[in-house]
Amino acid sequence: MAQTEFQPLPLIMVAPNGARRTKADHEALPMTVAETVSTARACYEAGAKGLHAHVRDGAGNHVLDAEQYRSLQHDMKACAPEMLVQITTEAAGRHSPGVQQDLVRKLKPTSVSIALREMIPDADTQSVSGFYAWARTENIAIQHILYSDDDLARFFDLVVQGVIPGEDHQLLFVLGRYADNQESAPEDLDPFLKVLAERRGSCSLDWAICAFGHRETECLVSAVERGGKARIGFENGLWNRDGALARDNADRVQDLVSALMEKNLYPA
């Protein structure tokens, strides 16, 4: 199997819209490709070196649309060429594993996030093992989205079984759930780190977190203190650490950068 050369996750990645929120939640939330690219550029200048990108259809619904992603990738190369662009296969209750795989095979992106429980929802691994092997030979960096410590334990089981090949992996730990009034806390990371310490073995792991609600910045700073990285933005939280509603996604990035600088955790 070909040697992988994944681009490392940036310290800060911005997730400016997600699959669920709309301008009814915040008028500065980007919905179109053009708005997302403009937002990404502002966030890059604020300190986020990666974009976790979702695209929407004309009605504002989250879609796995290869052509829209191609358009976004093209525009990002022109407007923020140094920014990592990560697409998503998030199912959002609408898209099957086959549709998710088809998007990745069409695009062959540099980076993609895939929720383990969405791509492999049951014990049948035969249909997906070939996909994961193909993605590795294509040098596609998959960030495995994990919603619980049980998800993380299952991830390691699948690595041991060879369903997910290799020993170098990118992970995202989700602190909480996509639910109304969800509020994450720094201690929500503890179960993930316990499994990580017990199971990682010889794996080289590049991990980050996302968190929900008013303590998003606090959770992200705690994760960086413990060796992780951060995904921030309106997909998960709308509020700065002082409790005020953020002006836009770049304001959220600036809030995190300031908090990290106070603890000497942000590179000079």
Side-chain angles (χ1 to χ4, degrees), residues 6-21 26 29-30 36 39-40 42-44 46-55 62 76 80 83-90 92 109-116 118 141-148 151-152 169-178 182-186 188-189 192-193 196 205-241 246 248-260 265-267:
F6 295 157
Q7 180 178 348
L9 294 170
L11 178 64
I12 301 173
M13 179 176 286
V14 66
N17 50 13
R20 295 163 180 82
R21 283 186 166 135
H26 197 297
L29 186 142
T36 300
T39 296
C43 291
Y44 180 83
K49 304 310 180 187
L51 167 67
H52 171 75
H54 290 250
V55 293
H62 162 71
M76 284 294 295
M83 194 173 196
L84 174 69
V85 177
Q86 179 191 77
I87 73 161
T88 180
T89 67
E90 182 173 348
T110 298
S111 177
V112 58
S113 70
I114 298 175
L116 186 75
E118 291 180 347
I142 295 175
Q143 186 177 31
H144 303 275
I145 310 301
L146 306 167
Y147 288 93
S148 68
D151 272 5
L152 179 55
H169 301 284
Q170 297 178 350
L171 310 176
L172 182 84
F173 304 145
V174 181
L175 305 192
R177 295 289 183 272
Y178 289 93
Q182 173 68 49
E183 294 288 338
S184 300
D188 295 338
L189 179 58
F192 290 98
L193 295 187
L196 206 64
L205 301 175
D206 193 7
W207 63 271
I209 75 158
C210 67
F212 299 87
H214 292 75
R215 300 178 71 186
E216 181 186 23
T217 300
E218 182 184 353
C219 291
L220 298 176
V221 171
S222 178
V224 174
E225 286 181 309
R226 302 173 78 174
K229 295 175 180 177
R231 197 185 85 180
I232 192 168
F234 283 179
E235 176 169 350
N236 301 110
L238 304 173
W239 301 273
N240 287 335
R241 54 184 168 145
D248 51 29
N249 277 282
D251 193 28
R252 289 296 300 118
V253 174
Q254 290 167 349
D255 187 62
L256 176 58
V257 168
S258 296
L260 292 173
L265 293 171
Y266 190 76

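Computed from a prediction, not measured in an experiment: that's the story for all the values here.
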> Should Ile145 and Ile114 count as side-chain neighbours, where that means a heavy-atom distance under 4.5 Å?
Replying inline: no
>> Do Thr36 and Asn17 have side chains that approach each other closer than 4.5 Å (heavy atoms only, starting at C-beta)?
In response: yes
>> Once rounded to the nearest 0.5 Å, what's the spacing between atom CG of Leu29 and atom OG1 of Thr39?
In response: 8.0 Å
>> Can you give me the closest heavy-atom contact between Asn249 and Gly233, atom names plus distance?
In response: OD1-CA, 3.4 Å
> So, for Phe192 and Leu152, which heavy atoms are closest and what is the spacing to 0.1 Å?
Replying inline: O-CD2, 3.3 Å
>> Would you compute the distance between atom CH2 of Trp207 and atom CG of Leu9 and round it to the nearest 0.5 angstrom?
In response: 11.5 Å
> How far apart are the C-alpha atoms of Gln143 and Leu171, what are their side-chain angles, what is the distance that settles it, and do they pass the side chain to side chain contact (heavy atoms under 4.5 Å, CB included) test?
Replying inline: CA-CA 5 Å; Gln143 186 177 31; Leu171 310 176; 5.6 Å; no
>> Under the rule for salt bridge (charged side-chain N to carboxylate O under 4.0 Å, His left out), what residues qualify as partners of Glu218, not counting sequence neighbours?
In response: Arg215
>> As an exercise, state the distance from CZ of Arg20 to NE2 of His54, rounded to the nearest 0.5 Å.
In response: 8.0 Å
> What closest approach, in Å, do Met83 and Gly50 show between heavy atoms, and which atom pair accounts for it?
Replying inline: CE-O, 3.4 Å
>> For the SG atom of Cys43 and the NZ atom of Lys49, what is their distance to the nearest 0.5 Å?
In response: 10.5 Å
>> Please check: side-chain N/O of Asp188 versus main-chain N/O of Ala185, any donor-acceptor pairing under 3.5 Å?
In response: yes
> Is the His26 ring parallel, tilted or perpendicular to the Phe234 ring (thresholds 30°, 60°)?
Replying inline: tilted
> Do the non-hydrogen side-chain atoms of Tyr266 and Ile12 ever get within less than 4.5 Å of each other?
Replying inline: yes
>> When you compare the side chain of Met76 with that of Leu51, does any pair of heavy atoms fall below 4.5 Å?
In response: yes
>> Tell me if a side-chain donor or acceptor on Asn240 pairs with a main-chain N or O of Ala246 at a distance below 3.5 Å.
In response: no
>> Would Leu11 and Val224 count as a side chain to side chain contact (heavy atoms under 4.5 Å, CB included) here? Give the steps.
In response: CA-CA 8 Å; Leu11 178 64; Val224 174; 4.1 Å; yes
> Any side-chain heavy atom of Gln170 within less than 4.5 Å of one from Phe6?
Replying inline: yes
>> So, taking the atom named SG in Cys219 and the one named NE2 in His214, what distance separates them when rounded to the nearest 0.5 Å?
In response: 12.5 Å
> Are side-chain heavy atoms of Asp206 and Lys229 found at a separation under 4.5 Å?
Replying inline: yes
> Counting N and O atoms only, with roles assigned by atom type, does the side chain of Ser222 sit under 3.5 Å from a partner on the main chain of Pro186, one being a donor and the other an acceptor?
Replying inline: no
>> Show, in sequence, the C-alpha distance, side-chain angles and deciding distance for Glu216 and Arg241, and conclude whether the salt bridge (Lys or Arg N to Asp or Glu O under 4.0 Å) test is met.
In response: CA-CA 8 Å; Glu216 181 186 23; Arg241 54 184 168 145; over 6 Å; no
> Below 4.5 Å, heavy atoms only, C-beta onward: do Val14 and Arg231 meet side chain to side chain?
Replying inline: no
> Can a salt bridge be assigned to the pair Arg252 and Glu235 using a cut-off of 4.0 Å between side-chain N and carboxylate O?
Replying inline: no
>> Determine whether a donor-acceptor pair (N or O, by modelled atom type, separation under 3.5 Å) exists between the side chain of Glu183 and the backbone of Gly213.
In response: no
> Looking only at heavy atoms, what is the nearest atom pair of Pro10 and Leu84, with distance?
Replying inline: CD-CD2, 3.8 Å
> At their closest point, which heavy atom of Leu256 faces which heavy atom of Ala230, and how far apart are they?
Replying inline: CD2-CB, 3.8 Å
> Say you draw a straight line from CD1 of Ile209 to CD1 of Ile232; how long is it, rounded to the nearest 0.5 Å?
Replying inline: 10.0 Å
> Yes or no on side chain to side chain contact (heavy atoms under 4.5 Å, CB included) for Leu146 and Leu172, after CA distance, side-chain angles and deciding distance?
Replying inline: CA-CA 6 Å; Leu146 306 167; Leu172 182 84; over 6 Å; no
> Could you walk me through whether Thr217 and Asp255 pass the side chain to side chain donor-acceptor pair (under 3.5 Å) check?
Replying inline: CA-CA 7 Å; Thr217 300; Asp255 187 62; 2.7 Å; yes
>> Does any part of the side chain of Phe212, heavy atoms only, come nearer than 4.5 Å to the side chain of Leu175, both counted from C-beta?
In response: no
> Do you know which two heavy atoms are closest between Asn236 and Arg21, and how far apart they sit?
Replying inline: C-NH1, 3.4 Å
